[in-house]
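Below, all heavy atoms of this structure are taken into account, side chains as well, without hydrogens, waters or symmetry copies.
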Amino acid sequence: MTDGKNQRDLGGFLGIGLVFASWLIPGSGFMVSGHRLRGAAQFAMVMLTFGLGIALHSAVLWPTWSIRSEEFNLINNFTFIIQLGGGVPAIASYVASSSNMAGGALVRLLGGEHSHPYHELGSYFLIVAGALNYFAACSFYDRVVNASRRLVPSTGSGEAEAP
Amino acid sequence: MTTVGLLHLGSLLYLSGVVCLAVSVNENNDARVIFKETLRRWGKFIGVTLALALIVHLLSR
């Protein structure tokens, strides 16, 4: 990822707008600001993981929010919030699963199949895809939007001791 | 081993790998360092998971 133009500080509305765009389309903020390799890597990781989740017949499902309901489960609510981190694909899956719109193969695929034996396993992939995209958007904010306040400079090969 | 079991094992390997890759991509700029750090993290992750699996297996005998 030697695309070292990363000390340009994008403040204000443009920076916040690009963070929002990064959430909607994974890696887009990095790509627009010149870090094409990093953006492409993040796009590929999020989309491949999300695609595998969808291939396992899973979908982003609306949880029960009322604490008085018998169907209320806090884990489902957290799962929904994290899955929505996937951006546009996650929103598309949510719309396809919650509406009764008649659609083609893509809409049926994005809507998932609740009774399928792999549905639960697929939802883990959607959670990881959403979390990766949140992580990527935060990384974009740290590296590009707020680059001048970074405690650790990111110009070298980054061989700092990692956890 | 059933297909479901293999699918779960494959998911463990893929999901842990992609998370390690994402952390390494975030922290480094050089592709070789990213590759090395991803393998190191992934190895640690799988090693600890195997150790936990062994402990659970021994305790549940």
Quiz item: When heavy-atom pairs shorter than 4.5 Å are enumerated against chain B, which of A:V46, A:L121, A:V128 gives the highest number?
Solution: A:L121

Exercise. Heavy atoms only: give me the nearest A:R38-B:N28 pair and the separation to one decimal.
Key: NH2-O, 3.1 Å

Quiz item: Could you give the distance from OG (B:S11) to CG (A:L52), rounded to the nearest 0.5 Å?
Solution: 8.5 Å

Exercise. Heavy atoms only: give me the nearest A:R143-B:V25 pair and the separation to one decimal.
Key: NH2-O, 4.4 Å

Self-check item: More than 12 heavy atoms from other groups under 6.0 Å of CZ on A:F78
Solution: no

Quiz prompt | Heavy atoms of other groups near A:Y124 OH, more than 12 under 6.0 Å | solution = no

Quiz item: Got a second to check how far A:L132's CG is from B:L15's CG, nearest 0.5 Å?
Solution: 9.0 Å

Self-check item: Crowding at CD1, A:I25 (>12 non-hydrogen neighbours, <6.0 Å)
Solution: no

Self-check item: ILVMFWY network linking B:F35 to B:W42, side-chain heavy atoms under 4.5 angstrom
Solution: no

Practice problem: Using the rule that two of Ile, Leu, Val, Met, Phe, Trp, Tyr join whenever any of their side-chain heavy atoms come within less than 4.5 Å, decide whether B:F45 and B:V19 are in one cluster. | Solution: no

Quiz item: Heavy-atom count around A:H114 NE2 within 6.0 Å, excluding the residue itself: above 12?
Solution: no

Practice problem: Check whether more than 12 heavy atoms from other residues, nucleotides or ligands sit under 6.0 Å from atom CG of B:L50, and answer yes or no. | Solution: yes

Quiz item: Side chain, backbone, both or neither: which part of A:F125 has a non-hydrogen atom closer than 4.5 Å to chain B?
Solution: both

Quiz prompt | Heavy-atom closest pair, residues B:Y14 and A:T49 | solution = OH-OG1, 2.8 Å

Quiz prompt | Reported OH-to-OG1 distance for the pair A:Y118 and B:T3, which is rounded to 0.5 angstrom | solution = 5.5 Å

Quiz item: Is it the side chain or the backbone of A:L48 that comes within 4.5 Å of chain B heavy atoms, both, or neither?
Solution: both

Quiz item: Looking at side-chain heavy atoms only, is the closest gap between B:N26 and A:D142 below 4.5 Å?
Solution: no

